[in-house]
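Report on one structure; see the data block that follows.
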Amino acid sequence: MANYYSDHPELEFHLHHPLMKRIVELKERDYTEAEKFEDAPVDFEDAIANYDKLLKITGDVAANIIAPNSESVDLEGPHLENGRMIYASKTYENYDAATKAGLWGVDMPRRYGGLNVPMTTFSMLSEVISAADSSFQNIWSLQSCIDTLYEFGSEEQRQKYIPRVCAGESMSMDLTEPDAGSDLQRVMLKATFDEKENCWRLNGVKRFITNGDSDIHLVLARSEEGTRDGRGLSMFIYDKRNGGVDVRHIEHKLGIHGSPTCELTYKNAKAELCGSTRLGLIKYVMALMNGARLGIAAQSVGLSQEAYNEALAYAKERAQFNTKIIDMPAVYDMLARMKAKLDAGRSLLYQTSRYVDIYKALEDIQRERKLTPEERDELKKYSRLADAFTPMAKGMNSEYANQNAYDAISIHGGSGFIMEYKCQRLYRDARIFSIYEGTTQLQVVAAIRYITNGTYSAIIREMLDKEVSEDLRPLKERVAAMFGKLETATATVKASANQDVQDFLARRLYDMTGDILMSLLILDDATVSPDLFSKSANVYVRMAEAEVNGHFEYVQNFKAGDLEYFKTR
């Protein structure tokens with residue numbers, strides 16, 4: 001029987017990364033919870049065995065329930081009845097299966113009914129579910145909104161809402177509005193305090209809200225009258241049980257049809273303040289979005305895997321000119337590049353997840369006791385690494401998902417354009433990944449400061465100091481040469497002293513940096529497990545080298561006056 005986890009040993013490889021030992025120690029508080037909770041692990045090996053079991057259960061549900069339902073969900077989609085969103089019928093089957101498998105609230109502490117799994121494991125679950133159906137992954141992964149409530153809400157709110165999510169209630173983050181898309185400072189949904197009822201009231205419209213008719217919403221609203229920037233925004237918790245919010249419209253989208261994207265009307269809706277006023281955008285949404293971006297990175301890797309699977313299976317069966325097309329250079333070139341992007345992108349995803357795990361666990365411990373000086377240094381180090389890697393993981397993997405889905409159709413030829421083949425749905429679903437939760441262009445904006453201030457350079461130098469297997473050393477030398485070109489290109493861009501030039505060329509520096517980071521990560525993976533990764537390492541480094549060289553030449557030959565060629569009047 002198929003299993004979307006155990007069928008891909010690359011996932012188990014990342015589950016056993018050396019950093020996992022430190023992550024589990026922190027997450028499990030040195031295994032002290034085993035005395036209080038029957039399902040808590042007694043040691044590291046027990047914890048990893050628990051994660052492995054959970055992933056196998058999820059892989060089974062994904063392969064044998066969610067994936068078979070995906071076509072029906074895509075065709076039917078959600079619909080609107082009397083101001084309420086109704087899922088596609090098979091989505092309810094998926095939801096029920098995920099609930100029975102215990103897949104809700106999995107990263108929450110056990111005292112609230114969760115399983116206390118690390119973000120790395122959560123990302124793996126997310127990848128596996130996305131491979132089966134990215135639209136259902138959207139619904140499922142929004143449970144991670146509870147992380148923000150856990151971090152910034154009161155203990156009373158934690159006790160009230162987290163057990164409900166662990167039991168299977170759904171969540172959404174209501175941020176964007178008709179006049180506030182990426183520019184969330186323009187959010188105008190009004191929040192006023194009701195003195196008589198001792199609660200907040202929300203009024204206005206939200207648009208493009210994924211899973212917008214959820215049970216529990218985190219809502220960005222303007223609490224400070226007379227303000228028009230981010231400092232007047234606060235975060236609120238809206239409970240659907242209280243009423244006051246209706247679905248006005250469900251968007252008809254190119255892809256992810258099973259994931260309802262709603263326009264909502266708030267009419268004097270009762271809400272609770274989450275955290276402090278004025279910090280909604282400045283602090284809470286930033287935390288919420290970083291988690292969401294990591295979720296999209298996992299969603300992208302899952303779809304990339306499925307696109308590769310579909311392309312590979314078709315290439316093995318399809319014959320042209322008396323030859324299976326998998327034996328044709330043009331086809332096996334595409335397949336090799338798809339696999340290399342998949343493996344390298346997955347390595348970046350889980351490296352990022354591990355960085356997030358360590359700093360989040362230390363932040364959680366800090367709520368309970370004072371950190372030691374060593375722990376404070378560790379927190380600072382991994383927080384900075386997570387901030388630097390998150391926009392890279394989201395941007396690069398979402399672009400790779402689009403490329404792999406495109407290539408899957410190309411390998412199918414004319415059949416890929418026919419609706420009966422899965423690859424067309426993967427192609428439609430993938431297109432949103434590089435748009436929502438911050439476009440790739442916005443990921444470049446988030447990452448570029450880490451390129452120009454030398455953060456990535458320091459990381460890359462440290463990675464270059466690591467030993468690789470002897471047969472991979474020539475590839476590593478080529479990566480070192482790429483890094484030299486990145487350093488030169490970065491210096492050239494900075495020396496221009498022209499902000500428009502720097503903004504225009506930022507994407508080239510971003511892509512060069514991502515290529516180099518993933519080259520080094522896949523070389524490390526291939527050193528540890530050559531059977532799994534040596535082919536991808538060879539293909540990826542060659543592919544990255546061509547791209548880095550092209551960007552380098554572009555940057556070095558660019559002049560400020562060249563901008564005029566690109567401006568459209």
Side-chain angles (χ1 to χ4, degrees), residues 181-185 286 289-290 292-294 296-297 300 341 344-345 348-349 351-352 355 384-403 433-461 463 479 481-521 543-568:
S182 296
D183 185 6
L184 290 175
Q185 291 195 87
M286 291 303 102
M289 290 295 285
N290 274 339
R293 286 168 178 170
L294 195 59
I296 304 307
S300 298
K341 290 172 188 173
L348 179 61
L349 164 65
Q351 187 79 330
T352 307
Y355 292 157
R384 187 171 178 81
L385 284 168
D387 282 348
F389 270 63
T390 297
M392 196 64 71
K394 196 276 184 183
M396 297 299 289
N397 275 303
S398 63
E399 294 291 335
Y400 282 175
N402 275 273
Q403 294 164 21
F433 298 170
S434 58
I435 298 172
Y436 60 10
E437 314 311 344
T439 63
T440 301
Q441 291 73 25
L442 285 176
Q443 305 313 307
V444 173
V445 170
I448 192 64
R449 68 183 183 274
Y450 295 111
I451 298 173
T452 56
N453 70 13
T455 297
Y456 286 122
S457 291
I459 294 167
I460 291 168
R461 286 193 189 93
M463 293 172 75
V479 179
M482 290 185 228
F483 178 51
K485 291 186 176 182
L486 172 62
E487 294 276 81
T488 301
T490 302
T492 299
V493 172
K494 290 169 69 175
S496 72
N498 181 317
Q499 191 60 53
D500 284 347
V501 170
Q502 292 175 12
D503 292 345
F504 186 82
L505 295 176
R507 176 66 182 270
R508 277 85 180 175
L509 299 182
Y510 173 91
D511 286 343
M512 292 170 79
T513 303
D515 288 339
I516 292 165
L517 286 170
M518 283 187 281
S519 291
L520 291 168
L521 287 169
M543 187 172 61
E545 185 177 48
E547 187 168 70
V548 167
N549 288 343
H551 287 321
F552 174 75
E553 293 298 330
Y554 192 101
V555 171
Q556 293 307 108
N557 288 291
F558 195 85
K559 303 292 184 290
D562 295 341
L563 286 173
E564 294 304 316
Y565 299 124
F566 297 90
K567 293 179 180 177
T568 303

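Heavy-atom minimum distance, Ser300 versus Asn397: CB-O, 3.3 Å. In plain terms, the two heavy atoms of Ala489 and Met512 that are nearest each other are CB-CE, 4.2 Å. Heavy-atom minimum distance, Phe483 versus Ser457: CZ-O, 3.8 Å. Taking each heavy atom of Asp515 and Ala544 in turn, the nearest pair found is CB-CB, 3.8 Å. In plain terms, the two heavy atoms of Arg507 and Val444 that are nearest each other are CD-CG2, 3.6 Å. Residues Asp500 and Asn498 come closest through the heavy atom pair N-OD1, 2.9 Å.
Distance check: Leu505 CG to His551 NE2 gives 10.5 Å after rounding to the nearest 0.5 Å. Atom NZ in Lys394 sits 5.5 Å away from atom OG1 in Thr440 (nearest 0.5 Å). Interatomic distance, Phe389 CZ to Gln351 CD, rounded to the nearest 0.5 Å: 6.0 Å. With rounding to the nearest 0.5 angstrom, the CD1 atom of Ile459 is 12.5 Å from the CD1 atom of Ile516. Atom CG of Asn557 sits about 9.0 Å away from atom CG of Asp562, to the nearest 0.5 Å. One finds the OG1 atom of Thr490 at 10.5 Å from the CZ atom of Phe552 (value rounded to the nearest 0.5 Å).
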* Test log, rule side-chain hydrogen bond (donor to acceptor under 3.5 Å, both in side chains), inputs Asn453 and Thr455 -> CA-CA 6 Å; Asn453 70 13; Thr455 297; 2.7 Å; yes
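Using a 3.5 Å distance cut-off with no hydrogens or angles, the side chains of Thr492 and Gln556 do pair a donor with an acceptor.
One N or O on the side chain of Arg293 and one on the backbone of Glu437 form a donor-acceptor pair closer than 3.5 Å. No donor-acceptor pair under 3.5 Å is formed between the side chain of Thr390 and the backbone N or O of Asp387. Between the side chain of Gln443 and the main chain of Gly438, a donor-acceptor pair closer than 3.5 Å is present.
Relative ring orientation between Tyr456 and Tyr450 is described as perpendicular, the plane-to-plane angle rising above 60° on a 0-90° scale split at 30° and 60°.
Salt bridge status for Glu487 with Arg461: present, with a side-chain N to carboxylate O gap under 4.0 Å.
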